[in-house]
Amino acid sequence: MTLTVEHTTMPVLGRLPIHSSRAEQVAHIAEAARQIRIQDLKLVHYAGAGHIGGDFSAIDILATLYGAVLDITPDSVTDPERDRFILSKGHVAGALYTTLAAFGFLPVDDLATFLKPLSALNGHPNRRKVAGVEANTGPLGHGLPVAVGHALSAKLDVSLRRTYVLVGDGELQEGSNWEAMMAASQYQLDRLTVIVDRNRLQQGATTKETNDLDPLPDKAAAFGFAVVEVNGHDHGELLDVLSAVPFRPGKPTFVIAHTHKGHPISFMSNNVAWHHRVPDVAEFQQALTELEAVAPGYTKELGMTERSEGIIKHSLPRVSSAPGAKRGRG
Amino acid sequence: MTLTVEHTTMPVLGRLPIHSSRAEQVAHIAEAARQIRIQDLKLVHYAGAGHIGGDFSAIDILATLYGAVLDITPDSVTDPERDRFILSKGHVAGALYTTLAAFGFLPVDDLATFLKPLSALNGHPNRRKVAGVEANTGPLGHGLPVAVGHALSAKLDVSLRRTYVLVGDGELQEGSNWEAMMAASQYQLDRLTVIVDRNRLQQGATTKETNDLDPLPDKAAAFGFAVVEVNGHDHGELLDVLSAVPFRPGKPTFVIAHTHKGHPISFMSNNVAWHHRVPDVAEFQQALTELEAVAPGYTKELGMTERSEGIIKHSLPRVSSAPGAKRGRG
Amino acid sequence: MSIVETSIADRPRYDCRDAYVETLAELAEADHRIVGVVNDSVGSSKLNSFRKAFPDRLINVGIAEQDMVGVASGLANGGRIPFVSAASCFLTGRALEQIKADVAYSNTNVKLCGMSPGVAYGELGPTHHSIEDIAWLRAISNLTVIVPADPIETAAALRWAAASDGPVFIRVSRMSVPKVYDEDYAFRLGRAITVRAGDDVTLISNGTVLWRAIAAAEQLATEGISARVLSMPTVKPLDTSAVVAAARETAGIVTAEEAVSGGGLGGAVAETVVQQHPARVTILGIPEFAPTGSAGYLLDHFGLSPDGIAAAARRLVTRGT
Amino acid sequence: MSIVETSIADRPRYDCRDAYVETLAELAEADHRIVGVVNDSVGSSKLNSFRKAFPDRLINVGIAEQDMVGVASGLANGGRIPFVSAASCFLTGRALEQIKADVAYSNTNVKLCGMSPGVAYGELGPTHHSIEDIAWLRAISNLTVIVPADPIETAAALRWAAASDGPVFIRVSRMSVPKVYDEDYAFRLGRAITVRAGDDVTLISNGTVLWRAIAAAEQLATEGISARVLSMPTVKPLDTSAVVAAARETAGIVTAEEAVSGGGLGGAVAETVVQQHPARVTILGIPEFAPTGSAGYLLDHFGLSPDGIAAAARRLVTRGT
Ligand SMILES: Cc1ncc(C[n+]2csc(CCOP(=O)(O)OP(=O)(O)O)c2C)c(N)n1
Ligand SMILES: Cc1ncc(C[n+]2csc(CCOP(=O)(O)OP(=O)(O)O)c2C)c(N)n1
Ligand SMILES: [Mg+2]
Ligand SMILES: [Mg+2]
């Protein structure tokens, strides 16, 4: 199996016009996420490597951010006032590249070079080689400190640009994150949003078996964050929450996005074996069939048992202004 | 000014017999702490270096541990079943050496070599050179992981030996501590006790100005510890709490010992300038006078404002069995 | 001691992690003090079978390398012999100060096993490449640094480490390699092994590159160049007499390693040569953050192939004549 | 360029941190992008005046070195030019992977200032000694490593770093040193400076040891030995032509540095010499965890005194004749 341009079939979806309704936005994100998953599945299958479990757990978040939340376009990737998104769980580079391609940051054809000799598309993202990548990640626990630094720079500039960082839940076992969270709270970085891909699995086992994160909302709250929990596969919830930050003036936001690794593929979902397994031909076909059957706008219902015990409730204001538009940008 | 054996005047106090009353124990610890402070003051003054602020903030804790809590004597420093004490805030090595001398682990005369060329008494403790030192500390954030490792070894051995580690409050800004706390909780290390020297000052400023730790009890509780707060200069409170761990079966204990840097010297107490300032002759004399005037058994009253906001209450059982004796050692 | 009858490149290949986990289990069976310590790296260290056999003795601290090394130091304080097993890039890069203070300077009996070192992680890129580890650790006092070349040497080095008291770092390769040694190989600390005699030029190597150096020597032999091949499993302490002898007796030395081309084995050899017997040395390694590519691709790309090593040796011999 | 009229040992001494903070303030005044980033190290970096002048632009993340370097990288992403200022031992040891990934590999415009390096912390012991920093950082690609010798060179290197785009590490000495350069000294990256001409033997040094090498040369001159003294502020990239010229033109090279005696400046010189012009080199440094003692005591203890350096040079010259 070799990855070729024939396998880079994804349409470029781009952003909806700014006056689109929330329903239109949500449908657009859902379709983008579906296309991104199909494309990412092809990348991993044909390249013979990747982290499909973590990719699929994060894609709805990525699609929401790039599809409707972040103030960044292919033309503004070097604009100092762009929003920043930092993929701290850098092992899902494949999902990021595919998302960047879906929204026009990266030629779709370039995806065919994924992991190939001398390609810009390394197994972990490289800001020197891929426009739209903000930090070279891969070692866990690096993105959050970098995001804090960026949010600080925005604060120094009295700019309204926002900083989002996506971390894995297992990743939160790294102490560097807690250092950064303490500092984010101290500096009252309320335009910083940490999104946790709370799939409850890490590389080898569940987070609970390995080094339990719970009560995660309590931890984040005790470290000075406003905590919100969402269904990380529900594009509407994600859109509402991610566009509405900050929830508490003066506090950075901690969004616990409840997800499943490998979602929504029947045999991958919530199965730790799929951290970096590569689907064989039969699995590939099956996954493709499942993805093609998914109606745009699907979400995964996560039972409350999968949420944390001590949920901290926040009113989630509906976004009335166009998502992605920064209100009051100075 | 040069440190000589003439300046090593401290009496060796040793431990009280095991059947001594609590009142006798407390008085003994208090006198030990006073003598240790006098001796440490001389060390720093004549050697012309040291961290007197942090020394004085920790000495009541050290005196309580070595004077009545730890199951370790000069004869058992290599006994595998000894309790372990790890001084994570290694910059108060002077206080540790003096305490070790007070309880007979180190010849008092050896204190005259403090910081001298080729001396075993380095500015930070060295386990290869000083009997009774369990880990080479100095870089902050190392002791707690090491303590977790030791507590794990005890658990593997099905041993009742206990592990105590003293950390600075500023030190808790290091992420390595939170990694270790997560693991301690995961492994249910209830014979591990973390003592925080909560003097609210770090090297250059208050912890609040630098990177606020509060709400510290909430942080520790969210990381799975049973949290207790004590007056870190009250020998009775310290004795009761440190001998009574664990408070919650299956949970490691987090003792927030409220202290003042430089306590009880009028011009040093709670003054960040004394992190590593060396008292000149006049200051030395004044401090000595104050220490000599202190009645054995003094404690410092800490107002509730100096305690954390969200105090977690724990009943503090009086220790009925002899302090230092491990109940039920198998 | 070495097998050189058939071309080394044609022999079957082995992932040294298999020898690692087999040996660790064998050691743990014999000595209850031995425990494993990992950072969510059970699978990548191939320790699933170990965990099954010794469920309590595989301590997984989660994704927390600083804590992992500190915990190992504390376990050693409690009388255990911890084998820390984590991707070398994270073990060394993330926990370097713990390695310095809690292991080397504290002189605790901790064995640090750097898994999948060098460019083994290939396309995962420079964050996952551990080409700096040897240079980083060589700079720390009181730390033995071992880079085994095949499964036999990996097992032997592990056995030696378990039996010796004190801090040891051992690289455990993931890139598959042919066997270089006979089964009766005995590891001796700080000793080079002459895996191939020769007088024209010397190749000094270890780890996954050693067999490539041997293949280079085979190639050179067909051209009438007799290359001595020194296996140098111990980078620290270095076998300086073997290096000096090579400097004295041959036209020059080529060092070849799966590591940054400065500060590691090549650096150690250079420092020895200039101080004891100046001679010409060519240092082969990986001089920069590697581009995307598989491990094998990258080694070839940076001239760490039999051809690349042979070419460097040829240049030394030609210059000498 | 250099002042060599009076014995260098008799000149007034300076703490390079003063030049550091003065220059940083001057640069910050002229360029709003410049910010300081510290780990509770305001006092130890002498940055109190800077904080007074630029209260918002001194970012104290607390005692958290990993975060400190990550934050600096993020600040650079936001267009700032962060000067990270922390004890070199903790900056490099604790945040090494952040330096590798967030600074060097990410190619962010971060300036890492390793304060009080080497054995400046004297009696505080090996945990606080930063003798490994040069070797550790030299192994990382895309990172410039500078070790200035006096306040003038410290200021010049800082100005150069502020004006250049990309990752730089600069050691800022705490041990007081005499001025080695004239006020008009201009820092040039990767260029050695011949601070004293000579043809018998070469001394290569930097940092706090450079003046000791000059004093050694003065001493050798009285014995009729003409020692060339090369100041090598840039350890990476190294001025290899100056090294090769020294190897070619003099009896040998003595390197002397306040760092571990392998992998640092000495290692870089050795690697150059063996590959380009084999010659004898003596590497002086600190070969082990230092015992208790003041910084000055320790340098003397390890032969990094004028006498020690002169003795090493003398041995090279004697051997050559
Ligand atoms: C510092 C570091 N240690 C270990 C690893 C190896 N590793 C890669 S992914 C992973 C698991 C991550 O789990 P999580 O953060 O929950 O991400 P998920 O894939 O579940 O989204 C591990 C341990 C790493 N990349 N970085
Ligand atoms: C990793 C690390 N960073 C910085 C330092 C420098 N340092 C020594 S003591 C100190 C302040 C410690 O404050 P705290 O933990 O509150 O201890 P206290 O003296 O107040 O008891 C600092 C920053 C260090 N020793 N280790
Ligand atoms: Mg996860
Ligand atoms: Mg404090």
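Chain identifiers are assigned alphabetically (A, B, ...) following the order of the sequence lines, protein sequences preceding nucleic acid strands; residue numbering begins at 1 within each chain. Not measured: the values here are computed from a predicted model.
- In this structure, the side chains of Leu213(B) and Met182(A) come closer than 4.5 Å at one or more pairs of heavy atoms.
- Ranked by heavy-atom pairs under 4.5 Å with chain B, the list Gly141(A), Ala183(A), Ser176(A), Ser185(A) is led by Ala183(A).
- Judged by distance alone, the side chain of Glu174(A) and the main-chain N or O of Glu179(B) form no donor-acceptor pair under 3.5 Å.
- For Pro215(B) against Ala222(A), the heavy-atom pair with the smallest separation is CD-O, 3.4 Å.
- The aromatic rings of Trp178(B) and Phe223(A) stand perpendicular to each other, their planes meeting at an angle above 60°, with 30° marking the opposite boundary.
- With a threshold of 4.5 angstrom between heavy atoms, Thr210(A) approaches chain B through N, CA, C or O but not through any side-chain atom.
- For the atom pair CG (Asn211(B)) and CD (Gln186(A)), the distance works out to 5.0 Å, reported to the nearest 0.5 Å.
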